[in-house]
Student: 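This is the structure I want to talk about, given as structure tokens.
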Amino acid sequence: MPYEPKAIEPKWQAYWREHAVFAAKVDPDKPKFYVLDMFPYPSGEGLHVGHPKGYIATDVFSRYKRMRGFNVLHPMGWDAFGLPAEQYAIETGTHPRATTARNVENFRRQLQSLGVDYDWSREINTTDPRYMRWTQWIFRKLYERDLAYLAEVPVSWCPALGTVLANEEIIDGRSERGGHPVVRTAMRQWMLRITAYADRLIDDLDEVDWPEPIKKMQREWVGRSVGTRIDFELANGADETIEVFTTRPDTLFGATYMVLAPEHPLVEKITTPEQRSEVERYVEATARRSERARIADAKEKTGVFTGAMAAHPVTGAPLPIWIADYVLATYGTGAVMAVPGHDQRDYEFAKGLDLPIVEVVSGGDLSEAAYAEDGISVGSDFLNGLSTSDAKQRMTDWLEEHGKGGRAVSYKLRDWLFSRQRYWGEPFPVIHLEDGTTALLDESELPLLLPELDDFKPSGEFEPPLARSREWLETTDPATGAPALRDTNTMPQWAGSCWYYLRFCDPNNEQAPWSEEAERYWMPVDLYVGGAEHAVLHLLYARFWHKVFYDLGLVHTVEPFQKLLNQGMVLGYSYRYYDDNLAGAEGVEPAVYSSSEVRIDGETATAIEGGAELKARWVRAEDVQRDADRRPIHPDIPGLVLEEVTEKMSKSRGNVVSPDDVIERYGTDSMRLYEMFMGPLDKGAPWSDAAIPGVHRFLQRAYRLLVEETGGGERLVDLADGPGTPDQQRLAARAIHGVTEDIEAMRFNTAISKLMVFSREIGRDAALSREVAEVFLLLLSPFAPHLAEELWQRLGHPQSLAAEPWPTADAALLEESTLTLAVQVNGKRRDEIEVPADADDETIRRAALASPAVARQLAGREPKRVIVVPGRLVNIVS
RNA sequence: GCCGGAGUGGCGAAACUGGUAUACGCAGGGGACUCAAAAUCCCCCGGCUUCACGGCCGUGCGGGUUCAAAUCCCGCCUCCGGCACCA
């Protein structure tokens, strides 16, 4: 019988489960290792071959660490609140709980078929009341620490969908689904004071072993900038000041006007009657435009004069106050002092509206552009002659002395909007009293469960679905018996994923979210693997919560994730064309275009001929036909050549490959091996079915190394006793050394190639010895655990190899007795020589010069220099 | 525009600290085994040139540093990802 993964793999998956081989228990006598995957949202579509890449990598590494004597924690669970289940509920009436349960079943089955060494006894689900209870408990802690507060926040409200939309759900001011209008409006919502942790979120990045680009993105997201606050008084003596933040206080003498964001609260107050109608029109127009649209025509700067004037803090000169949408209400103070000579945006605005531009830093040419670089201050009174950095100091000191400003720090980071107007999330453990105050539910009342509904749509204007259940909504204050209302918002999906790594340490605890003992033993996460798309938000939010836990004494480390790794995306080949049926209407015959007939400009596609606006369409990869030139063509539209692109796998692109199909054909071990062999873990690569037979053949060879076919059955091959021939021992030592190094560095692709070489060479000169065969199986086992276990058992071992010690290489066997050195003449390789490993430079030099190829190259010239690089080469310079 | 990452055979890739460019795998070609095919095993496989030995060129492009550059430096080009007027 040949290698039969279908017989072997389920057998070992059952064995691991039944013998609880991967169950993790606190054991103070053993070093721990906590490996974590970013847990998935169990979508209805199931896994595609891109998802498991990270899971397989953590599996390889955790199996390796276990064999190295570590007590490994490798858990899995479900981030199961979320929009798709709710949308499905709105459409079909199916309760999200039912959808979620079904999807979890399917995901668990698929993950288990990969043979990953999860400790399934620790499985968690964020929608489980036993989990949700503690998420709400954490919210109480945040509230008690004044890190959660209610605020009126502008959001994008879509009346037709009855819900608030995120920026990415809005296209051209309309909802992505359905194309309904969206308006900006203020709503009372929960906010989390993440900005209180801004400095620590930047500074503590120095503590962790993360890819530098990710750290950088996080630092920039927090966006700390150090500068000066300046107070501008109104020129008419009104009792208002405009506060401004700037990183260039040295240019204060160059300020020729002020600009407020249209949403700035002072706009209303200071606008003069003559300007009022124009200002109101502008403010209204800005509110109607989406943030995206505002950004899109950033080049054209518009604005309106308010009629009011501010006084220059030093000279007292009047500065006209404008409003313009290039000033953002959400950054700094929502107001800027405009220095058109030295800020490009102010320059463009001033040019467009004919406002004065003055030079206060020398070095540029203001007739061309603003000069934003450093220089020497000019036309700036007491700053004249100072360098930019000295002038900044001097001006800030002056402002402090005169009570008109001072040093300040500003962040890009904003507080975290923590409410969602949805059903399928954690309800807030609070009640709202009639006097307008808010009170926390007592711990004993947790979890606060969702009301049972059969209609999940929003219940009306500004009313989330939770408002549908009056009996849930209307309650009483347990303290006073007074009537009270529950909060109709739910928490965002982030809530559950912000602390799940802590729950995994102690998933069944009913007294606390986790015990101190478990946290002290398992934390921090030693290796965290997931997609780079979570580089900023998830990791920043989780770090924020962790720091709060630290301040509460609930965790003992400042940072949760010690080492982070982003797996590259598995891409799929998709096949694209275009048509002019923009709305996707049915029953029409759209004009179709091949990509060569289409012009792409940003996000819009137009026909080169005729200029009609077009939309991209995809043909499912399995439906694509080929013409005589092997070009991909449309199956139904004759002659339409498709464009082959490699992009992210998704259902809409028709390029999804399911692991179920791959496992059915080749087995899990082959799929695992292929995913690790494709290339470096952190690099993206297109999935290719055609390459799998290569690794599958390797596993077949591995199987035949130990099992031979007889007439009707099979038997173990005859193995030599003892450690094997000297050659075999050397090969084994080298394989152990190389594979170990590669796994430590997470270079799984090269580890596998070393295993391929090892298996090919090992039986070449003599019968395989038992010891060498065992080394091979142990090295193979993290990658192809099912096959390795099977063969290990056939060698007569009654126990799983999961707990076997990892082999070690005998250092003496790694040393070579002779070395092959390349011989170069003037840097070009001309020959090679064989020398004893301990040969001295003089011997090597003589051997190299004795080479006939060298003599031919030198053609009688004397070598000027001979460079001997130990163990590598000899370079003769002539 | 800014920030990050990457460009090496027909393809996925390797070369770890500057030291023999293309390991390993896919596809392709040839051979062995077979009545035949599949499977398996062995060999070849960057380009140009030479009967051959060999020679020349070659890691996106152009320069540079070095005895020696895929690797370091300067200037560009292309692709992928992220961010978007941050005062």
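So that the names make sense, note that chain A is the first sequence line, chain B the second, and so on, each numbered from 1.
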Student: Taking atom types as modelled, find out whether D231(A) and T241(A) have a side-chain donor-acceptor pair closer than 3.5 angstrom.
Tutor: no

Student: Please state the P separation for the pair A39(B) and U50(B) - nearest whole angstrom.
Tutor: 38 Å

Student: Using O4'-C1'-N9-C4 for purines and O4'-C1'-N1-C2 for pyrimidines, with syn meaning within 90° of 0, is G29(B) syn or anti?
Tutor: anti

Student: Indicate whether any N or O donor in one side chain lies under 3.5 Å from an N or O acceptor in the other, for R407(A) and T396(A).
Tutor: no

Student: Looking at A13(B), C16(B), C24(B), which one has an atom nearest to any side-chain atom of V757(A)?
Tutor: C24(B)

Student: Using atom P in both nucleotides, what's the gap between A69(B) and U65(B) to the nearest angstrom?
Tutor: 12 Å

Student: Choose from A87(B), A6(B), U20(B) the nucleotide whose nearest atom is closest to any side-chain atom of K683(A).
Tutor: A6(B)

Student: Of the candidate nucleotides C67(B), C85(B), A13(B), which contains the atom at the shortest distance from the side chain of D325(A)?
Tutor: C85(B)

Student: Has R219(A) got more than 12 heavy atoms of other residues, nucleotides or ligands less than 6.0 Å from its CZ?
Tutor: yes

Student: So what does P686(A) touch, heavy atoms closer than 4.0 Å: a base, only the sugar-phosphate, or nothing?
Tutor: nothing

Student: Is the Y326(A)-F349(A) ring centre distance short of 6.0 angstrom?
Tutor: yes

Student: Please report the distance separating the P of C85(B) from the corresponding atom of C80(B), rounded so that it comes out in whole Å.
Tutor: 23 Å

Student: Give the ring-plane orientation class for Y331(A) versus F245(A), where under 30° counts as parallel, over 60° as perpendicular and anything between as tilted.
Tutor: perpendicular

Student: Which residue lies toward the 5' end of RNA chain B, S753(A) or R697(A), if each is placed at its nearest nucleotide?
Tutor: S753(A)

Student: Expressed as a whole number of Å, how far does the C1' atom of G31(B) sit from that of A21(B)?
Tutor: 29 Å

Student: Is K864(A) touching bases, backbone alone, or none of the nucleic acid, heavy atoms closer than 4.0 Å?
Tutor: nothing

Student: Of the options C24(B), C3(B), C16(B), whose atoms approach the side-chain atoms of R760(A) most closely?
Tutor: C24(B)

Student: With a non-hydrogen cut-off below 4.0 angstrom, is R224(A) in contact with a base, only sugar-phosphate, or nothing?
Tutor: nothing

Student: Can you tell me how far C1' in U22(B) sits from the matching atom in C76(B), rounded to whole Å?
Tutor: 27 Å

Student: Using the ring centroid of each side chain, check whether Y666(A) and Y674(A) are separated by less than 6.0 Å.
Tutor: no

Student: Please tell me if R701(A) has a side-chain N or O lying less than 4.0 Å from either OP1 or OP2 of U40(B).
Tutor: no

Student: Pick base, sugar-phosphate or nothing for V336(A), based on heavy-atom distances below 4.0 Å to the nucleic acid.
Tutor: base

Student: Do K301(A) and C85(B) share a donor-acceptor pair, side chain to base, under 3.5 Å?
Tutor: yes

Student: Please work out if R219(A) contacts a base, only the sugar-phosphate, or nothing of the nucleic acid, heavy-atom cut-off 4.0 Å.
Tutor: nothing

Student: Applying ring pair (Phe, Tyr, Trp, His ring centres under 6.0 Å), run through Y347(A) and H342(A) and close with a yes or a no.
Tutor: CA-CA 7 Å; Y347(A) 184 88; H342(A) 305 284; 9.7 Å; no

Student: Across the strands shown, which category fits T750(A) at heavy-atom distances under 4.0 angstrom: base, sugar-phosphate, nothing?
Tutor: sugar-phosphate

Student: For the side chain of R829(A), starting at C-beta, report the closest nucleotide among C24(B), C3(B), U20(B).
Tutor: U20(B)

Student: Any side-chain N or O of R865(A) less than 4.0 Å from the OP1 or OP2 oxygen of A68(B)?
Tutor: no

Student: Counting only side-chain heavy atoms from C-beta out, which of C16(B), C57(B), G19(B) sits nearest to K828(A)?
Tutor: C57(B)

Student: Would you please say whether a donor-acceptor pair under 3.5 Å links the side chains of Y703(A) and E708(A)?
Tutor: no

Student: Counting only side-chain heavy atoms from C-beta out, which of G12(B), A14(B), C16(B) sits nearest to F677(A)?
Tutor: G12(B)

Student: Rounding to the closest angstrom, what is the interatomic distance between G5(B) and G9(B) at atom P?
Tutor: 22 Å

Student: If you assign each of K412(A) and M217(A) to its closest nucleotide in RNA chain B, which residue comes earlier from the 5' end?
Tutor: M217(A)

Student: Would you classify S410(A) as touching base, sugar-phosphate or nothing, given that sugar-phosphate means primed atoms plus P, OP1 and OP2, and contacts are heavy atoms under 4.0 Å?
Tutor: nothing

Student: May I ask you to verify if any side-chain N or O of N749(A) is less than 4.0 angstrom from the OP1 or OP2 atom of A14(B)?
Tutor: yes

Student: Paired with C83(B): which nucleotide, if any, by Watson-Crick or G-U wobble criteria at under 3.5 Å for both distances?
Tutor: G1(B)

Student: Under 4.0 Å, counting only non-hydrogen atoms across every strand here, what does D742(A) touch: a base, just sugar-phosphate, or nothing?
Tutor: nothing

Student: Does C3(B) have OP1 or OP2 sitting under 4.0 Å from an N or O in the side chain of K216(A)?
Tutor: no

Student: Side chain of P213(A) only, heavy atoms from C-beta on: which candidate in C85(B), G4(B), A13(B) is closest?
Tutor: G4(B)

Student: Does any nucleotide pair with U78(B) by Watson-Crick or G-U wobble geometry, both distances under 3.5 Å, and what is it?
Tutor: A6(B)

Student: What contact category does N875(A) fall into here, base, sugar-phosphate, or nothing, at under 4.0 angstrom with non-hydrogen atoms?
Tutor: base

Student: Base, sugar-phosphate, or nothing: which does Q344(A) touch, judged by heavy atoms less than 4.0 Å apart?
Tutor: nothing

Student: Please tell me which of the listed nucleotides, U40(B), U20(B), A87(B), lies nearest to the side chain of T247(A)?
Tutor: A87(B)

Student: Which nucleotide in the list U40(B), U20(B), A13(B) gets nearest to the side chain of L873(A)?
Tutor: U20(B)

